[in-house]
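Here is how names work: the chains are called A, B, and so on, in the same order as the sequence lines, proteins then strands, and each is numbered from 1. Just so it is clear, the values below take in all heavy atoms, side chains as well, and ignore hydrogens, waters and symmetry mates.
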Amino acid sequence: MKPFQIYNSLHRAVEEFVPLRPGIVTFYSCGPTVYLPQHLGNMRAYVFVDTLRRALRFNGYDVRHVMNITDVGHMTSDADAGEDKIEKTARAQGKSPREVADFYIAQFKRDCASLNIELPPAAPAGDHPAPPQSALCRATDNIDAMIAVIGRIVANGYGYVTPSGVYFDVEKWRGPGGAGRLARQSLAEQHAGQRLEHSPDKKSPHDFALWVLNQPHHLMQWDSPWGRGYPGWHIECSAMSMKYLGETLDLHSGGLDHIPVHHENEIAQSESATGHPFARYFVHNAFLVGMEGAKISKSAGRFPVLDDLIAAGINPLAFRVLCLGAKYRSELAFSIDSVRAAEKNIDYLNEFARNLNETALSSEQDADWTAEYAERFCEALNNDLNTPQALATVLEMVAQAYRLRDQRIWNTLQNFDDVLGLDLKKKLFESSTGLEPPEISRLVKEREEARERKDFARSDELRNQLDAMGYLVKDTKKGSVVTAKRSAT
RNA sequence: GGCGGCGUACCCAAGUGGUUAAGGGAGAGGUCUGCAAAACCUCCAUGCAUCGGUUCGAAUCCGAUCGCCGCCUCCA
C-alpha cells in the first residue's frame, strides 16, 4: 500500500506523512467557538478532521487527537479591545458565559453525533505530561497552562508587559523584514491593524496580546503573575496542544482563514516558548460556499445549520456525503439540491446493506474481484485524502456486486465505511417490517391479500393510502415490504 | 496595496502532460414488474472561461485577458 500523503501548508506541497514516533500521530485541530451554533461551513471542517483521523487510523496509526473548545477570548474587534463574543451573547441572553458555552457545546456534540463525527473524550482533570493523549478541552479549564506558556515566552524575551496587557514581540521573533512561514508575507506587506484601533502600548501594530489586563468590564477574569485579566486568542491552542500532545505536533489542522494570523501567531508563540518546532504538518480545509459563491460565515449573520437540513427531512449523513464528494482543499458549493443528490448515495448504500443476505455476510473471504476496488480506494485515500475518488470507488463496487449478483463484498465495504463514516453496519439487520405501527402492518397485509386476488385497483388504492401516511411499499419476490419515508432519524 | 484560490456537461464534482475527460444527481430510452419501487443496461462535454505560447502531445505547464471568491479584523 502506498504511504499516506497530505498537503502540508508549511511547504505548500503534497508530502509523504511520517510521524515523529512510529505508529503514533499527535493531531491538534482547531475546534469551535461556542457563542453561536456551528453552521454547515463549520461542520464541513469537522467532517474533514474526522475523515483525516479515520484515514490515519485506516493506515494503522494510533491517533492522539486534541480539539479545543474556545469558550473565552474572541473579541469583536481585536485581541486587545472590544467585547468578548461569548460575553456579548451571555449579556443578550441573560446567562452566564459558562451557561452560554455549555449550551452551544451540547449542540455541537449533538451535531457531531448526527454526522458520525467522533470527538475526542473530554479532557480529564489535572496535569497531563507525556504520553500524548486525546482530549476535547475547554479553554477556560486550561488557564493555568496558558499562563505557564506566556511565562516561558516572557522569560525568553519574546513577550513584554505593559499596563494594557502582555504582548508578543513579533518583529523580534521574525527578525527585520521577516516573513511569516505560512502566509509568506512580510510584516510590511501585511497591513496589520490598518482598519483597527490598536493599543498604544504595543511596540508594533503586528504585536498581539498574550494576556489582556485592565479590562474591568469583562466578566471572565483570572489572576496571573501580571495581574487580573484574560488570555489572548491564540494562546489557548499553544498551551493545550503542548499540555496534551507535547511540544512538537505531527499534525495541526484548521480552516484556510487561520493561515495568516492565527496559525502564524501560534507558531511564533509556541516556538518562542519551547525552542522546538511547533507542528510538522499543517493542513487547512477550504470553505463551504453558498449558492452565490460567497463564504458562509458566522459574522455574515445568516447561515444554514444542520438542524435546517433535518427540518427539511434530509438525512444528516447526506451532508457528510456531500463533503466527501469534494476535495477538502476545494471550495464546495452548498445547496439543498446538492445535499439531496448526496442523499441518494446514502439511500443507495443503505439499501444495499439492508438487503445483504446471510451467506454474503458470513463469508469470511470477499470475492476476488473486490481486491481491485480495495486498491483503488486506498490509493485515492492516501493521495491527499481524495475522498471523491474513494467514494466513487465504493459506489462502483456496490454496482458491480449488483451486476454480478455477487454480494460477497461486506468485509471490504465495512473497511471502506470505517473511513467514510456512513454507519452502514447499522443498516444490516434493520428490518423493513415489524417496526411500523400495527395500523400500517394491517394495511400492508390487506394490500397483499388484494394482490393475491389480483384486485389491483384495491391494491393501488392501499399503496396510495400508505404513501399518504408516509410509508413506501415495495413488492419483492419475498412479499411486500414497507419503509417509512424520510423518518426523523 | 499585499497574499492566495477558483472558472470542467443542466447541477455537484474528480482528473493537473500521453489510451475513449472519474463518480454522483437530474434528464431520455430500455430490461424486470399487474403497476410501481429497487436494481441493472444504453444514451447524455471531439471538449475542460477566452486568446496566445511551450511540446511529438495540454483541461493539465507558461503568458495575457475576462469573470468569481477568500485572507490581511473575530470567523472552519
Side-chain angles (χ1 to χ4, degrees), chain A residues 12 29-33 35-36 38-49 70 73-79 81-82 84-85 179-180 183-186 188-196 198 233 253-262 264 284-289 291-300 303 321-322 325-335 337-345 347-348 351-352 355 376 380 386-396 398-399 402-403 405 451 454-457 459-460 463 467 472-477 480-481 483:
Chain A
R12 299 193 185 190
S29 55
C30 283
T33 51
Y35 60 93
L36 281 174
Q38 302 302 301
H39 56 64
L40 289 176
N42 298 126
M43 296 318 292
R44 182 194 185 191
Y46 304 123
V47 169
F48 160 63
V49 166
T70 301
H74 279 192
M75 307 305 136
T76 48
S77 61
D78 192 10
D84 184 306
K85 286 184 177 178
R184 300 204 179 156
Q185 280 189 288
S186 70
E189 285 164 345
Q190 274 183 314
H191 292 201
Q194 182 176 254
R195 287 176 286 167
L196 302 168
H198 61 267
W233 75 281
S253 79
L256 220 49
D257 53 339
H258 280 328
I259 292 177
V261 177
H262 184 51
E264 206 73 80
H284 294 99
N285 65 278
F287 296 120
L288 186 72
V289 298
M291 279 163 288
E292 318 79 22
K295 175 189 171 191
I296 292 170
S297 71
K298 284 187 181 173
S299 46
F303 45 80
V321 171
L322 178 70
K327 290 275 321 257
Y328 73 94
R329 289 196 286 127
S330 299
E331 271 185 359
L332 172 59
F334 170 80
S335 69
D337 285 345
S338 61
V339 185
R340 289 215 188 272
E343 192 178 29
K344 300 280 183 177
N345 293 153
D347 291 344
Y348 179 72
E351 187 68 6
F352 180 82
N355 296 325
R376 279 172 57 195
N386 193 329
T387 51
Q389 283 188 351
L391 184 63
T393 304
V394 175
L395 294 170
E396 285 180 52
V398 172
Y402 275 118
R403 214 173 290 138
R405 296 175 202 286
R451 289 187 70 225
K454 308 269 185 214
D455 182 355
F456 297 122
S459 163
D460 289 348
R463 191 215 301 280
D467 184 76
L472 181 71
V473 190
K474 297 178 193 172
D475 299 325
T476 70
K477 283 173 191 161
S480 297
V481 293
T483 47

Pairwise N/O distances under 3.5 Å, protein to nucleotides 37-39 of chain B:
none

Residue pair A:Leu332 / A:Leu322: nearest heavy atoms and the distance that separates them
CD2-O, 3.6 Å

Side chain to side chain donor-acceptor pair (under 3.5 Å) partners for A:Ser253, two or more places apart:
none

Close side-chain approach of A:Val339 and A:Phe334, heavy atoms under 4.5 Å
yes

Between A:Thr393 and A:Gln389, is there a donor-acceptor pair closer than 3.5 Å when you use the side chain of the first and the backbone of the second?
yes

Between B:rC44 and B:rG5, how many Å separate the two P atoms, rounded to a whole number?
36 Å

What is the minimum heavy-atom distance between A:Thr33 and A:Gln38, and which atoms define it?
O-NE2, 3.1 Å

Specify the closest pair of heavy atoms between A:Leu288 and A:Arg44, including all atoms of both residues, with the distance to one decimal.
N-NH1, 4.0 Å

For nucleotides B:rA26 and B:rA49, find the distance between their P atoms and express it as a whole number of Å.
26 Å

So, is A:Ser459 near the phosphate of B:rA36, with a side-chain N or O under 4.0 Å from OP1 or OP2?
no

To the nearest Å, give me how far apart CG (A:Leu288) and P (B:rA76) are.
13 Å

Please report, rounded to the nearest Å, how far the C1' atom of B:rC69 is from the CG atom of A:Leu256.
12 Å

Testing the basics here: between A:Pro388 and A:Ala326, what is the closest heavy-atom pair and its distance to 0.1 Å?
CG-C, 3.5 Å

Can you find a donor-acceptor N/O pair under 3.5 angstrom joining the side chain of A:Arg451 to the base of B:rG34?
yes

Of the listed B:rC35, B:rG70, B:rC75, the closest approach to the A:His258 side chain comes from B:rC75

In this structure, how many angstroms lie between the P atom of B:rG5 and the CZ atom of A:Arg329, rounded?
10 Å

Would you classify A:His284 as touching base, sugar-phosphate or nothing, given that sugar-phosphate means primed atoms plus P, OP1 and OP2, and contacts are heavy atoms under 4.0 Å?
nothing

B:rA9 and B:rG25: how far apart are their C1' atoms, nearest whole angstrom?
13 Å

Tell me: CZ of A:Phe48 to C1' of B:rA76, nearest whole Å?
10 Å

Heavy-atom nearest pair, A:Arg451 first then A:Phe456, reads O-CE2, 4.1 Å

Can you tell me how far P in B:rU20 sits from the matching atom in B:rA58, rounded to whole Å?
13 Å

What's the shortest heavy-atom distance between A:Val473 and A:Ser480, and which atoms?
CG1-CB, 4.1 Å

Return the 5'-most residue of the pair A:Ala342, A:Gly31 with respect to RNA chain B, ranking by each residue's nearest nucleotide.
A:Ala342

Please report the distance, rounded to the nearest Å, between CG in A:Asp257 and C1' in B:rC3.
15 Å

Using the P atom as the reference point in each nucleotide, state the distance between B:rC71 and B:rA28 in Å, no decimals.
41 Å

Expressed as a whole number of Å, how far does the C1' atom of B:rA22 sit from that of B:rA64?
32 Å

How many Å lie between CD on A:Glu396 and C1' on B:rC41, as a whole number?
16 Å

Measure from NE2 on A:His39 to P on B:rC75 and round the result to the nearest Å.
11 Å

Under 3.5 Å, N/O pairs linking protein and nucleotides 10-15 of chain B:
from	atom 1	to	atom 2	distance (Å)
B:rA13	OP1	A:Ala333	N	3.0
B:rA13	O2'	A:Gly325	O	3.1
B:rA14	OP1	A:Lys327	N	2.6
B:rA14	OP1	A:Ser330	OG	3.2
B:rA14	O3'	A:Asn386	ND2	3.3
B:rA14	O2'	A:Gln389	NE2	2.9
B:rG15	OP1	A:Asn386	ND2	3.2

For A:His284, give me all partners under side chain to side chain donor-acceptor pair (under 3.5 Å), at least two apart in sequence or on another chain.
A:Ser9, A:His263

Going by modelled atom types, is there a donor-acceptor pair between the base of B:rG25 and the side chain of A:Asn345 at under 3.5 Å?
no

Taking B:rC10 as the reference, what is the distance to B:rG52 when you measure between their P atoms (whole Å, please)?
23 Å

Assign A:Arg376 to base, sugar-phosphate, or nothing according to its heavy-atom contacts below 4.0 angstrom with the strands shown.
nothing

Distance check needed: B:rA76 P versus A:Arg44 CZ, whole Å only.
14 Å

Over 60° means perpendicular and under 30° means parallel, so tell me whether A:Trp233 and A:His258 are parallel, tilted or perpendicular.
tilted

side-chain contact (heavy atoms from CB on, under 4.5 Å) involving A:Ala341 - partner list, sequence neighbours excluded:
none

Using the C1' atoms only, state how far B:rC62 lies from B:rU54, rounded to an integer number of Å.
7 Å

Roughly how far apart are A:Asn42 CG and A:Phe287 CZ, rounded to 0.5 Å?
10.0 Å

Base-paired stems in RNA chain B, each at least three Watson-Crick or G-U pairs under 3.5 Å:
B:1-7 with B:66-72, B:10-12 with B:23-25, B:27-31 with B:39-43, B:49-53 with B:61-65

